[in-house]
Amino acid sequence: MNKQKFIDKFLRALVVLAIIKIIAIFAELFQKTFWSVIGNLVIFIVVLVIIFFVVIALENKEKTGNSSGKKGGGGNFYLENSLFDRIRNKYEELAEKYIAEKDYTRAAKVYMNLLNDNYRGAKTLEDGGLYNEAAVIYLKKLKNKSEAASCFEKAKQYQKSIELYKELEQKEKVGDLYMQINETKNANSYYQMVVDDYVNNDQIVKASLIYRKKMDVPEEAQKILLRGWEENKDAFNCLNNYFVNINNVDNLNYTIQDLYAKTPSDKKIIYLEAMKHEFKKDLKLQETTRNIAYEIIAENIENHSSIINELKHFNPKDEVILKDISRYRTGRNKMFRN
């Protein structure tokens, strides 16, 4: 009896809600286009029919159950859950049907209005290429500025995207979008902010890449790398990248010698490590880098005997050098044992 009362009450409530919804849909004629309102009405009627048939099916099932004399204390709870689960599943099927038909707007409305799932609604619009509509949902209903900015960018609504990325303090992205619309001055202004942030955090190599790749000022990149080397801020990587950015071998050869002459003793081990990389680049660099390596090794061998092993990197095919290194290490080990 209670189950039947629930179904009857549900049907009455459904009729009342249907009337209110239909009135609301027609009221939209003053705000939206005629066909947009008709579309909403069609969706609502389809959903209403689905719900009606689900409820009728459950009512028939209930009558059958009563006639067979089955009873259960938890039946009313089960019936309510079963009803709403079935309705929800029908909504899901309807949304999937619209997606299969590439009617992403209707699918999104089912997700948002009937399943109360704004995220899936926005994602459906985005997947369907309706980026402006998706951006509005992300922004207004989900308060997700990042996803909204991304959708506005895909829709080529760059100014809207820029404003959101500014609020999110994604300065490099703001610079990228200004470049996209050929506003180089604004772009470089934001790129410089990114450089300043990197420098303040001692991320010199990243700062140099912004200068080089985004702002197209390689000379500034070199200045900041040299400064990082001199101030011992990620010294090896700054030095290595400084050399990488010199494309002319003769200029690189001169720079290696010139910079080495200015290198203090406490940083020569780092310089030696960089020479191992430069040695492999070009045959023209091998004599210079080998001579520098020999000098650094000779200066440090008394205090750092293991540095002798670095010789093999500058004489990779010289078997004699390898044997000499082995003999030196063996003799030094015997000396310490004695």
Side-chain angles (χ1 to χ4, degrees), residues 195-196 198-213 217-338:
V195 169
D196 294 341
Y198 280 142
V199 170
N200 290 335
N201 291 309
D202 292 340
Q203 295 177 289
I204 309 301
V205 173
K206 286 186 176 181
S208 75
L209 290 174
I210 297 295
Y211 274 141
R212 191 171 186 82
K213 303 292 186 180
V217 282
E219 64 281 358
E220 292 298 323
Q222 290 299 78
K223 285 180 185 178
I224 203 170
L225 287 170
L226 187 58
R227 194 174 106 196
W229 160 250
E230 291 170 347
E231 295 178 1
N232 213 22
K233 294 178 179 178
D234 195 14
F236 170 75
N237 286 318
C238 285
L239 182 63
N240 189 47
N241 278 271
Y242 184 79
F243 289 147
V244 166
N245 293 335
I246 302 174
N247 297 318
N248 184 281
V249 176
D250 292 330
N251 289 342
L252 178 56
N253 197 13
Y254 170 80
T255 302
I256 288 171
Q257 297 178 68
D258 182 62
L259 199 54
Y260 175 65
K262 303 170 185 175
T263 300
S265 299
D266 62 331
K267 292 172 72 174
K268 285 188 176 180
I269 298 296
I270 300 174
Y271 208 90
L272 175 63
E273 192 67 26
M275 291 302 96
K276 286 156 62 173
H277 291 268
E278 301 311 307
F279 179 84
K280 299 174 186 176
K281 280 186 182 178
D282 197 287
L283 289 172
K284 292 181 179 180
L285 300 175
Q286 290 189 356
E287 183 179 355
T288 297
T289 53
R290 186 186 291 117
N291 289 339
I292 290 173
Y294 285 172
E295 186 173 324
I296 295 172
I297 291 168
E299 288 178 3
N300 289 273
I301 198 166
E302 287 299 321
N303 297 322
H304 305 284
S305 60
S306 62
I307 201 173
I308 192 73
N309 293 315
E310 303 296 339
L311 286 172
K312 63 187 177 184
H313 295 289
F314 301 92
N315 301 276
K317 298 179 181 179
D318 193 331
E319 295 295 330
V320 175
I321 286 287
L322 296 177
K323 290 177 182 178
D324 286 344
I325 292 171
S326 179
R327 279 197 295 269
Y328 175 84
R329 292 174 61 186
T330 302
R332 192 170 180 84
N333 288 338
K334 285 181 179 179
M335 182 181 71
F336 279 111
R337 282 199 297 270
N338 294 332

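Worth saying up front: this structure is predicted, and the values here are computed from it rather than measured. These values consider heavy atoms only, across backbone and side chains, with no hydrogens, waters or symmetry-generated copies.
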Over all heavy atoms of both residues, which pair between [X] and [Y] is shortest? Give the atoms and the distance, please.
X	Y	value
Ile308	Ile297	CA-CG2, 4.5 Å
Ala221	Ser208	CB-O, 3.4 Å
Ile296	Asn300	O-ND2, 2.8 Å
Trp229	Ala235	CE3-O, 3.5 Å
Cys238	Gly228	SG-CA, 3.8 Å

Can you pull out every salt bridge (Lys or Arg N to Asp or Glu O under 4.0 Å) where at least one residue sits in [range]? Sequence neighbours excluded, please.
range	result
residues 243-255	none
residues 238-249	none
residues 199-209	Asp202-Lys233
residues 285-294	none

Just to verify, what does [X] make a side chain to side chain donor-acceptor pair (under 3.5 Å) with, not counting sequence neighbours?
X	value
Lys276	Glu273, Glu310
Gln286	none
Asn237	Asp234
Gln257	none

- Query: Any ring pair (Phe, Tyr, Trp, His ring centres under 6.0 Å) pairs touching residues 236-260, not counting sequence neighbours?
  - Reply: Phe236-His277, Tyr260-Tyr271
Rounded to the nearest 0.5 Å, how far apart are [atom1] of [X] and [atom2] of [Y]?
X	Y	atom1	atom2	result
Tyr211	Leu225	OH	CG	11.0 Å
Ile224	Asn241	CD1	CG	12.0 Å
Thr255	Ile246	OG1	CD1	4.0 Å
Lys268	Glu295	NZ	CD	5.5 Å
Glu230	Lys267	CD	NZ	7.0 Å
Glu278	Thr289	CD	OG1	8.0 Å

- Identify, with sequence neighbours excluded, every residue that meets side-chain contact (heavy atoms from CB on, under 4.5 Å) alongside Asn200. none
- Can you name the side-chain contact (heavy atoms from CB on, under 4.5 Å) partners of Val249, sequence neighbours left out? Asp282, Lys284, Leu285
- With sequence neighbours left out, what residues match Asp258 under salt bridge (Lys or Arg N to Asp or Glu O under 4.0 Å)? Lys262
Taking the side chain as everything from C-beta on, heavy atoms only, tell me whether [X] gets closer than 4.5 Å to [Y].
X	Y	answer
Val205	Tyr198	no
Asn245	Gln222	yes
Ile270	Thr263	no

- Answer yes or no: does atom NZ of Lys281 have more than 12 heavy-atom neighbours from other residues, nucleotides or ligands under 6.0 Å? yes
- Where do Ile204 and Arg227 land on the side chain to side chain contact (heavy atoms under 4.5 Å, CB included) test, with the steps shown first? CA-CA 9 Å; Ile204 309 301; Arg227 194 174 106 196; 5.6 Å; no
- Message: Apply side chain to side chain contact (heavy atoms under 4.5 Å, CB included) to residues Phe314 and Leu272 and explain how you reach the verdict.
- Response: CA-CA 11 Å; Phe314 301 92; Leu272 175 63; 3.9 Å; yes
